[in-house]
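This is a predicted model, so every value here is computed, not measured.
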Amino acid sequence: MATGPATPASYGVLAGARTQLGQYQEAEEAVQKAADLRPDSSSLARTSYAFELRGDTGRAKDLMERALRAAGTPG
């Protein structure tokens with residue numbers, strides 16, 4: 001029996017797995033769901049990476065800067 005992820009963190013894990021498997025469309029869908037649920041530094045960084053993989057480095061940079069601003073600390 002398959003179950004769907006229910007939290008932003010689980011969508012993040014799913015996005016990472018899909019990316020590593022080369023399933024980029026499915027990875028982007030998981031990233032979007034995570035960002036919709038909680039647009040925090042983690043989901044914004046994952047979204048940035050999705051844009052980088054598509055070659056949209058300008059948008060990726062903008063999103064990574066948003067992720068940095070959303071982070072509690074620079075680390």
Side-chain angles (χ1 to χ4, degrees):
M1 179 169 98
T3 61
T7 66
S10 60
Y11 280 114
V13 171
L14 181 60
R18 296 285 193 185
T19 298
Q20 294 303 311
L21 292 169
Q23 299 170 349
Y24 300 116
Q25 181 61 42
E26 294 89 345
E28 287 182 24
E29 291 168 7
V31 165
Q32 185 62 57
K33 287 181 182 182
D36 288 345
L37 289 170
R38 187 171 56 212
D40 60 5
S41 60
S42 177
S43 63
L44 290 168
R46 288 181 188 279
T47 305
S48 170
Y49 185 53
F51 277 93
E52 181 184 352
L53 289 173
R54 285 193 290 188
D56 190 345
T57 56
R59 183 75 173 131
K61 181 178 181 266
D62 291 342
L63 284 162
M64 191 55 76
E65 288 171 352
R66 280 185 59 196
L68 180 60
R69 286 192 302 273
T73 65

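- Listed for the R46 side chain is a donor-acceptor partner under 3.5 Å among the backbone atoms of G12.
- The two atoms that bring S41 and A70 nearest to each other are N-CB, 3.9 Å, heavy atoms only.
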Could you go through residues 13-26 and list every donor-acceptor pair under 3.5 Å that involves a side-chain atom there, pairing it with any protein atom two or more places apart or in another chain?
from : atom 1 : to  : atom 2 : distance (Å)
R18  : NH1    : Q23 : OE1    : 2.6
T19  : OG1    : A15 : O      : 2.9
Q25  : NE2    : E29 : OE2    : 3.3

In a table with atom names and distances, give each donor-acceptor pair under 3.5 Å that connects a side chain of residues 57-67 to protein atoms at least two apart or in another chain.
from : atom 1 : to  : atom 2 : distance (Å)
K61  : NZ     : E65 : OE2    : 3.0

I'd like a table of donor-acceptor pairs (distance under 3.5 Å, sequence neighbours excluded) in which one partner is a side-chain atom from residues 32-40, with atom names and distances.
from : atom 1 : to  : atom 2 : distance (Å)
Q32  : NE2    : D36 : OD1    : 2.7
R38  : NE     : D40 : OD2    : 3.0
D40  : OD1    : S42 : N      : 3.3
D40  : OD1    : S43 : N      : 3.0
D40  : OD1    : S43 : OG     : 3.2

